[in-house]
Structures are given as C-alpha cells and as structure tokens.
Amino acid sequence: MGDRSLNLLMVLTLLRFAPLCLCQVSNEACLHPQFYQRTCPQVLQIVKSVVAKAVAKETRMAASLLRLHFHDCFVKGCDASVLLDSSGSIISEKNSVPNRNSARGFEVIDAIKSAVEKQCPQTVSCADIMALAARDSTVLAGGPSWDVPLGRRDSRGASLSGSNNNIPAPNNTFQTILTKFKLKGLDITDLVALSGSHTIGNSRCTSFRQRLYNQSGNAKPDSTLDKFYASQLRAKCPRSGGDQNLFFLDFVSPTKFDNYYFKNLLASKGLLNSDQVLVTKSQASLNLVKKYAENTELFFEQFAKSMVKMGNISPLTGVKGEIRKNCRKINST
Ligand code: HEM
Ligand SMILES: *[C@@H]1O[C@H](CO)[C@@H](O)[C@H](O)[C@H]1NC(C)=O
Ligand SMILES: *[C@@H]1O[C@H](CO)[C@@H](O)[C@H](O)[C@H]1NC(C)=O
C-alpha cells in the first residue's frame with residue numbers, strides 16, 4: 001500500500017471514530033446542539049416562545065432565568081438539582097443562603113416543561129430546558145446568542161450544602177470566588193465574562209449592605225465604592241431593615257444586556273463587593289474588565305463561550321439520571 005492510500009485510510013478511520021473520541025476519550029461531555037433533532041424538533045421553538053411571553057410580562061425574568069442555570073450548574077453539575085422541592089429524602093436547594101428569597105423563575109420553567117411534555121412526553125430534560133432558557137433570556141435582553149449543547153439528564157437528588165458552599169457569595173474575597181470557579185473547571189476569563197451577567201437583573205439590599213456601612217469592621221463604607229453612588233444606595237438600603245429592597249445590578253442600563261456593567265466597575269460603581277473586586281484585587285481581572293468595557297463584541301463572544309463551558313459542568317448523560325416528568329420532583333420508580 002502506498003503512502004497516499006495509507007494516509008487516506010487513516011483519515012477515514014479517524015472520521016469514523018471522531019464523534020466517539022470527542023465524547024469518551026477526552027473528558028468532554030457528550031452534549032450537542034442537535035440532541036433532540038429527531039425526538040423533539042420543536043423544543044427550541046417551544047422554550048423560546050414561553051420565555052418570550054414571560055419576559056414580555058416581566059423584564060426581570062430574563063435575569064432570573066439566566067441566574068437559575070448558573071445556580072444549577074455550580075451544584076452537582078447542570079442536572080436540574082436546583083428545581084427539586086423538598087420531599088422524602090430530598091432537601092431542596094431552594095432553601096440555601098444564595099437561593100432563599102432570591103432565586104426565581106421556577107414557575108416559568110414549569111410552564112416550559114408542561115408545554116414541552118405535551119409535544120414530546122418524557123424526552124427533554126429540565127436541565128436542558130434551563131440551559132436553553134438562559135440563552136433565550138440573554139438574547140431577549142439584547143445579548144449574544146449561541147448554540148446550546150444538549151443531552152443533559154436530570155438528577156435524582158439535590159445538595160443543600162453544595163448550594164451553600166459552591167456558589168460564590170457576594171462578600172467572598174476575589175481569591176475565594178476564583179477558587180470556586182476553578183473547582184468547576186472555569187478560569188479567570190470565564191469568571192469576568194460570566195460576571196457580566198450582572199448587566200441585567202436586581203439585587204436585594206441585604207446582599208451588599210455591608211459595603212455601605214461597615215465594610216471591614218471599622219464602621220466605614222467600602223473605600224472602593226463611589227461616594228455619591230453609595231449615598232444614593234444608603235437612601236433605600238438602611239443600616240437595618242429593608243433587607244428585601246431591590247436595586248439594579250447595572251444602574252445605567254438595568255434591563256439591557258450590554259457592557260455597562262464593566263464600565264460601571266471602572267467608575268467604582270459596581271453594586272456587589274464581588275463585582276468591584278474584579279477591578280481592585282487582580283491585575284489580570286482588571287485587564288479583562290477594561291477589555292470588555294471597551295469592546296462589546298469581545299465581551300459577547302467570550303460570554304457565549306463561557307456559557308457553553310459552564311453548561312458543560314458535570315452533566316448526567318447516557319444512562320445516568322432521568323428525564324423528569326415534573327421538574328420539581330424525581331420520577332417515582
Ligand atoms: C462571580 C460570582 C457571583 C456572585 C458572588 C454573584 C452574586 C449575586 C448576588 C448576590 C445577586 C443578587 C441576589 C439577591 O440579592 O437576591 C446576583 C444576581 C444575579 N446574578 Fe450573580 N453572582 C455571581 C456570578 C453570576 C453568574 C456566573 C451569573 C450567570 C451566568 C450570574 C447571574 C446573575 C443574575 C442574572 C442576577 C440577577 C437575578 C435577578 O434579577 O433575578 N451571577 N448574583
Ligand atoms: C458574609 O455574609 C454572610 C451572610 O450575610 C455572613 O454570615 C458572613 O459573616 C459574611 N462574611 C464576611 C467575611 O463578612
Ligand atoms: C462593624 O463591624 C464590627 C465587626 O464586625 C463590629 O464589631 C462593629 O460593632 C460594627 N460597627 C458598626 C457601627 O456597626
């Protein structure tokens with residue numbers, strides 16, 4: 001056999017096994033955007049239309065759905081564990097510190113699931129629905145689009161401790177936040193780009209009060225917070241009480257997915273401590289913030305990449321997990 005035909009044989013062999021290689025030899029998950037092409041071709045359209053209806057009714061819902069996917073993926077992987085209600089041996093993640101009185105959008109996920117179940121019973125996972133809803137929400141708010149790899153299955157359990165410990169807290173240090181991302185296989189570029197989600201949505205007073213009154217136990221506000229912005233915040237976020245009062249994460253364009261979040265950070269007007277530390281505690285992170293503040297396209301491109309990466313955190317595939325009928329409870333066996 002000549003060199004040429006040998007090469008051809010090798011190429012053909014590689015092509016034959018390529019899909020298998022990508023999924024099984026490397027650590028890469030077997031998710032792919034066409035997963036439901038044969039079994040539920042309408043799913044993308046159904047999710048998009050229910051999300052669009054919900055966001056038309058309440059703009060903030062786009063932010064809430066985007067965040068839900070994050071809070072799912074950081075706990076046992078993107079497996080819809082965040083959606084389970086307490087029942088039997090399951091202790092719901094909805095009661096964790098990051099989620100309690102804060103995570104929302106569960107009714108919208110229920111509405112999507114029931115619309116999808118009507119067309120394609122027991123076919124599409126709740127975890128995939130959340131990944132699609134996060135993408136559609138981003139697009140509706142004016143952000144980038146991307147193909148969502150699919151094929152996740154749903155967990156048969158939840159982890160309250162995982163929710164409390166793995167999801168970064170707004171008063172965690174920069175290093176702690178970065179470590180929590182690295183534990184999920186995400187790097188500093190993903191951290192900065194994904195924090196750009198805070199270009200939409202709201203925060204409660206309780207999530208940033210410490211910065212306004214007593215940042216480091218010396219009874220002084222955070223010195224890295226703009227003084228005028230701080231005084232405006234104090235007007236509606238008093239020293240005590242008003243814990244649930246709501247504030248825009250991006251006060252310039254609170255419902256538009258753009259790069260003002262990064263511009264605000266450079267003007268010392270990030271709302272959360274975890275936002276502001278991206279420019280005050282790490283030169284590498286500051287450089288990324290500057291890049292995204294200058295160039296929306298770069299931000300959008302990286303955001304889409306990082307969302308796919310986050311969506312790939314430890315999915316259940318193959319025979320692991322199940323396709324829940326109701327996103328709030330595991331199937332009875
Ligand atoms: C980097 C570490 C992060 C921290 C410490 C953090 C913390 C927070 C906090 C404290 C809130 C306000 C919650 C409240 O007071 O009710 C919030 C809201 C939000 N977060 Fe994050 N977050 C982080 C990363 C992310 C990521 C990676 C995403 C998405 C990919 C995200 C998306 C959102 C959205 C969209 C909202 C607004 C939700 C709404 O209005 O319902 N965050 N975050
Ligand atoms: C961070 O906030 C939590 C919840 O409010 C609080 O229990 C904890 O003491 C705070 N940690 C620091 C380092 O301030
Ligand atoms: C500020 O916090 C420190 C330590 O957490 C506490 O001892 C002090 O009493 C607080 N001061 C005020 C004015 O709240």
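All ligand and atom numbering here is 1-based and tracks the order in the structure. This chain uses plain numbering: 1 for the first residue, then up along the sequence.
When the heavy atoms of His198, Arg204, Gln244 are ranked by distance to atom 33 (C) of ligand 1, first place goes to His198. Looking at Thr255, Leu191, Thr206, Leu272 and measuring to atom 1 (C) of ligand 1, the nearest heavy atom belongs to Leu191. Considering each of Asp243, Asn273, Asn171, the one bringing a non-hydrogen atom nearest atom 3 (C) of ligand 2 is Asn171.
Among the atoms of Asn101, none of the N or O lies under 3.5 angstrom from an N or O of ligand 1.
A distance of 6.0 Å or more separates the ring centres of Tyr261 and Tyr292. Separation of the Phe251 and Tyr260 ring centroids does not fall under the 6.0 Å cut-off.
Of the protein's non-hydrogen atoms, the one nearest atom 39 (C) of ligand 1 is Arg60 NE, 3.4 Å. Among protein heavy atoms, the minimum distance from atom 8 (C) of ligand 3 is reached at Asn214 ND2, 3.8 Å. Protein heavy atom closest to atom 41 (O) of ligand 1, with residue, atom name and distance, is Ser64 OG, 2.7 Å. Among protein heavy atoms, atom 24 (C) of ligand 1 sits closest to Phe70 CE2, 3.4 Å. For atom 10 (C) of ligand 1, the nearest non-hydrogen atom of the protein is Pro170 CG, 3.6 Å. The protein heavy atom nearest to atom 13 (C) of ligand 3 is Ala219 CB, 3.7 Å. Closest to atom 5 (C) of ligand 1, if we only count protein heavy atoms, is Ser274 OG, 3.3 Å. Looking from atom 4 (C) of ligand 3 to the surrounding protein, the closest heavy atom is Gly217 CA, 3.9 Å. Among all non-hydrogen protein atoms, the one lying nearest atom 15 (O) of ligand 1 is Ser207 OG, 2.6 Å. Taking atom 17 (C) of ligand 1 as the reference point, the nearest protein heavy-atom neighbour is Arg67 NE, 3.6 Å. At the shortest separation from atom 32 (C) of ligand 1 among protein heavy atoms lies Ser197 CB, 3.5 Å.
Under the 4.0 Å distance rule, the nearest protein heavy atom to atom 10 (C) of ligand 2 falls inside the cut-off.
With salt bridges taken as basic N to acidic carboxylate O contacts below 4.0 Å, none links Glu117 and Lys325. One finds no salt bridge joining Asp136 and Lys48 here, because no Lys/Arg side-chain nitrogen approaches an Asp/Glu carboxylate oxygen to under 4.0 Å. Using a 4.0 Å cut-off between charged nitrogen and carboxylate oxygen, Arg328 and Asp110 count as a salt-bridge pair. Salt-bridge formation is detected for the pair Arg104/Glu58: a Lys NZ or Arg NE/NH1/NH2 atom is positioned less than 4.0 Å from an Asp or Glu carboxylate oxygen.
Only the backbone of Ala169 comes within 4.0 Å of ligand 1, counting heavy atoms alone; no side-chain atom from C-beta on gets that close. Contact annotation: for Leu249 versus ligand 1, heavy atoms closer than 4.0 Å belong to the side chain alone. At a heavy-atom distance under 4.0 Å, atoms from both the backbone and the side chain of Ala63 approach ligand 1.
Side-chain contact check for Ser163 and Ser96: at least one donor-acceptor pair (N or O, by modelled atom type) lies under 3.5 Å. Between the side chains of Ser92 and Asp85, no donor-acceptor pair of N or O atoms lies under 3.5 Å. Side-chain contact check for Ser81 and Asp79: at least one donor-acceptor pair (N or O, by modelled atom type) lies under 3.5 Å. In summary, the side chains of Arg60 and Thr255 do not present any donor paired with an acceptor at a separation below 3.5 Å, with no hydrogens or angles considered. The closest side-chain donor-acceptor pair between Ser253 and Asp250 falls under 3.5 angstrom. If you check the side chains of Arg67 and Ser102, you find a donor sitting under 3.5 Å from an acceptor.
Taking 4.0 Å as the cut-off, Phe181 counts as a neighbour of ligand 1 on heavy-atom distance.
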Check against side-chain hydrogen bond (donor to acceptor under 3.5 Å, both in side chains), Tyr229 and Asn264: CA-CA 11 Å; Tyr229 182 51; Asn264 295 342; over 6 Å; no

Steps toward side-chain hydrogen bond (donor to acceptor under 3.5 Å, both in side chains) verdict (Asp222, Gln210): CA-CA 8 Å; Asp222 183 350; Gln210 192 180 356; over 6 Å; no

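Atoms of ligand 1 found under 4.0 Å from any heavy atom of Ser102 (numbered from 1 in listed order, with element): 13 (C), 14 (C), 16 (O). Taking a cut-off of under 4.0 Å to the non-hydrogen atoms of Gln210, the atoms of ligand 2 that pass are 14 (O). Interface atoms of ligand 1 facing Gly201, defined by a heavy-atom separation under 4.0 Å, are 37 (C), 40 (O). For ligand 1 and Ser195, the ligand atoms under 4.0 Å from any heavy atom of the residue are 1 (C).
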